[in-house]
Chemist: 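Have a look at this one before I ask anything.
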Amino acid sequence: MTRALLSVSDKSGLVPFAQGLVELGYELVSTGGTLKVLAEAGLKPVAIDEVTDFPEMLDGRVKTLHPRVHAGLLARRDLPEHMAKLDEFEITPIDLVVVNLYPFKETIQKDGVTEAEAIENIDIGGPSMLRSAAKNFASVLAITDPTDYDVVLEKLQTNTVDLAFKKNLAAKVFRQTAAYDALIAQYLTAETFPAQLTTTFELFDEMRYGENPFQRAAAYKTDLPESYSVLSAEILHGKQLSYNNIRDADAVLRMAAEFSEPTVVTVKHMNPAGIGQGDSIEVAWDRAYAADPVSIFGGIVALNREVDLATAEKMHQVFLEVIIAPSFTEEAYAVLAKKKNLRILQLPFTNDVPQNYELTSVLGGVVVQDRDLVNEEIADFKVVSEAQPTQEQLEAMVFAQKAVKHVKSNAIVVARHGQTLGIGAGQPNRVDSVNYAINNALQITDDLSDAVLSSDAFFPFSDSVEYAAKHGIKAVVEPGGSIKDQDSIDKANELGIVLVFSGNRHFRH
């Protein structure tokens, strides 16, 4: 007689699988709710307390934690002394285990859940049985995923269960129990940076390739997925998101979250190409497009308002990879969907991005930090020049600061209120970034008198201030903090331009 132990929280597919096992000659052993479901289906499972000769106790907290269960799972069939010991204590080997765990993840995601409710949904017996079975995978099939029921039955029916298949199921068990424990640890951990950082991810999609065609790639989402994420967006149209699409879409969503006004953000290679704002989303698109009509080619676009027909018709004229918006009118969607390869994503927008860790891989590990959610306001600025800013300049500085923190360092943004004009990203020195941003801005307009220049870090010399003033910029905002701050202040006073210190650096590597 072969014996199967079934104890599941998720009852989907349970009865047909159990019926298949019975037809193959398995004796069923079960617990609690699983036992009831099987009995109601006309099967005749053996109750776990008949196996252990010990009643379930402590409101079901203890029912399978017993030598008669774990010895039956762990005994090596190839060791005569193990089998003799089972005979001595009249323990029947267990050849197959079907267990899935209490819904801890689902419980902690419920509104208003208490800590006591969460703790009661920490499974102890389930992981113990699974781990025992998986350790002894040479002799025991360990099944934790209902989607595996059909293939397991087929292999049992055709006698094609081999060691590789058993090992694969065992590996799945240890991955799941490790993820389950990691989620519990996250829930209970109070330290900001604990001695062991346990976090898990679920496969979102395997991709054709990574950044380049010769690189394999996949996307994983966090065990507790964030609602404001490209991995949570509804893909309305277009082919599979690529590795680069996901990275760029993540960047554009981070940028779009900075703004509550109607805003359009365009991204190339994780840097903003152009950001525009207006009284309508169409005007915002016009300004974002005009900010850099060259770099937007093949870009990623996020709009924080519903896309209307007029805006869609303008976007349709440009080659874009991905468009993300909270909604699309029927007419707008019909226009955009004419391009079969354009990815159209729908996602509710928010300005309240949760403060979660950012993990960045390095060889041999990861570095972890808080997200940069610092937003300067006008009240935070310190005017250090003799020249005083106008209200319009101050508002443009706030806009530029929201943009500059999403540009790769060394980062410079030239902007006026509601529109970026030039962006200098990722240059080895700040002067080159200043030159690039200003020269790009001059391709958009030959008059920078209403523009401001924002820097993600301090100016170590006065040359950047001088270069900005030389090209007509009247106001500069930077964090300050250099030992040579006074040189930049003196240069601003000499040239009669506004210099403001924000007090916050925004490096982005």
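Residues take their numbers from the sequence shown, with the count starting at 1. These numbers come from a predicted model, not from an experiment.
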Chemist: Indicate yes or no: does Asp372 engage Arg508 in a salt bridge with an N to O separation below 4.0 Å.
Modeler: no
Chemist: Quick check: does any side chain N or O of Glu395 sit under 3.5 Å from a backbone N or O of Arg416, one acting as donor and the other as acceptor?
Modeler: no
Chemist: Can you confirm whether or not the ring centre of Tyr187 sits under 6.0 Å from the ring centre of Phe104?
Modeler: yes
Chemist: Using a strict cut-off of less than 4.0 Å between a Lys/Arg side-chain nitrogen and an Asp/Glu carboxylate oxygen, indicate whether Glu226 and Arg254 qualify as a salt bridge.
Modeler: no
Chemist: Is it the case that atom NZ in Lys167 sees more than 12 heavy atoms from other parts of the structure closer than 6.0 Å?
Modeler: no
Chemist: Does Lys239 reach the main-chain N or O of Leu342 with its side chain, forming a donor-acceptor pair under 3.5 Å?
Modeler: no
Chemist: Can we call the ring centroids of Phe319 and Phe297 under 6.0 Å apart?
Modeler: yes
Chemist: Taking only Lys NZ, Arg NE, NH1 and NH2, and the carboxylate oxygens of Asp or Glu, determine whether Asp456 and Arg430 approach each other closer than 4.0 Å.
Modeler: yes
Chemist: Quick one: does any side-chain atom of Ser464 pair with a main-chain N or O of Phe459 as donor and acceptor, under 3.5 Å?
Modeler: no
Chemist: Any luck finding a side-chain donor-acceptor pair between Thr445 and Asp447 under 3.5 Å?
Modeler: no
Chemist: Taking Thr189 for the side chain and Glu191 for the main chain, is one N or O donor matched with an acceptor at less than 3.5 Å?
Modeler: no
Chemist: Strictly by modelled atom types, are Glu306 and Ser327 linked by a side-chain donor-acceptor pair under 3.5 Å?
Modeler: yes
Chemist: If only atom types and distance count, is the side chain of Thr263 paired as donor or acceptor with the main-chain N or O of Glu261 below 3.5 Å?
Modeler: yes
Chemist: Whether the Asn504 and Ser502 side chains hold a donor-acceptor pair (N or O, under 3.5 Å, no angle test) is what I'd like checked.
Modeler: no
Chemist: Would you check if the side chain of Asp248 reaches a backbone N or O of Met270 as a donor-acceptor pair within less than 3.5 Å?
Modeler: yes
Chemist: What residue among His316, His237, Met315 forms side chain to side chain contact (heavy atoms under 4.5 Å, CB included) with Lys339?
Modeler: His316
Chemist: Is a side-chain donor or acceptor of Asn439 paired with a backbone partner of Asn435 at a separation under 3.5 angstrom?
Modeler: yes
Chemist: With salt bridge (Lys or Arg N to Asp or Glu O under 4.0 Å) as the test, would you mind laying out the steps for Glu392 and Lys474 before giving the verdict?
Modeler: CA-CA 12 Å; Glu392 185 175 359; Lys474 303 295 185 185; over 6 Å; no
Chemist: For Glu234, look at atom CD and say whether over 12 heavy atoms of other residues, nucleotides or ligands are found less than 6.0 Å away.
Modeler: yes
Chemist: Look only at the side chain of Glu313 and the backbone of Ala310, and say whether a donor-acceptor pair between them is shorter than 3.5 Å.
Modeler: no
Chemist: Whether the side chain of Thr350 engages the backbone of Val353 through a donor-acceptor N/O pair (distance < 3.5 Å, no angle test) should be reported.
Modeler: no
Chemist: Given ring pair (Phe, Tyr, Trp, His ring centres under 6.0 Å), test Phe458 with Phe501 step by step and report yes or no.
Modeler: CA-CA 9 Å; Phe458 62 66; Phe501 286 173; 9.6 Å; no
Chemist: When the ring planes of His471 and Tyr467 are compared, do they come out parallel, tilted or perpendicular, using 30° and 60° as the limits?
Modeler: tilted
Chemist: Using a cut-off of 6.0 Å, state whether more than 12 heavy atoms not belonging to Asn429 lie near its atom CG.
Modeler: yes
Chemist: Taking distance alone, no hydrogens or angles, what donor-acceptor pairs closer than 3.5 Å link side-chain atoms of residues 195-202 to residues at least two apart or in another chain?
Modeler:
| residue | atom | partner | partner atom | Å |
| --- | --- | --- | --- | --- |
| Thr200 | OG1 | Asp223 | OD2 | 2.6 |
| Glu202 | OE2 | Lys105 | NZ | 2.7 |

Chemist: One thing to verify: whether Lys268 and Asp292 come together as a salt bridge, which I'm taking to mean a side-chain N less than 4.0 angstrom from a carboxylate O.
Modeler: no
Chemist: Provide the closest heavy-atom pair for Ala325 versus Val307 in the form atom of the first, atom of the second, distance.
Modeler: CB-CG2, 3.6 Å
Chemist: Has Ser409 got a side-chain atom pairing as donor or acceptor with Ala411's backbone, closer than 3.5 angstrom?
Modeler: no
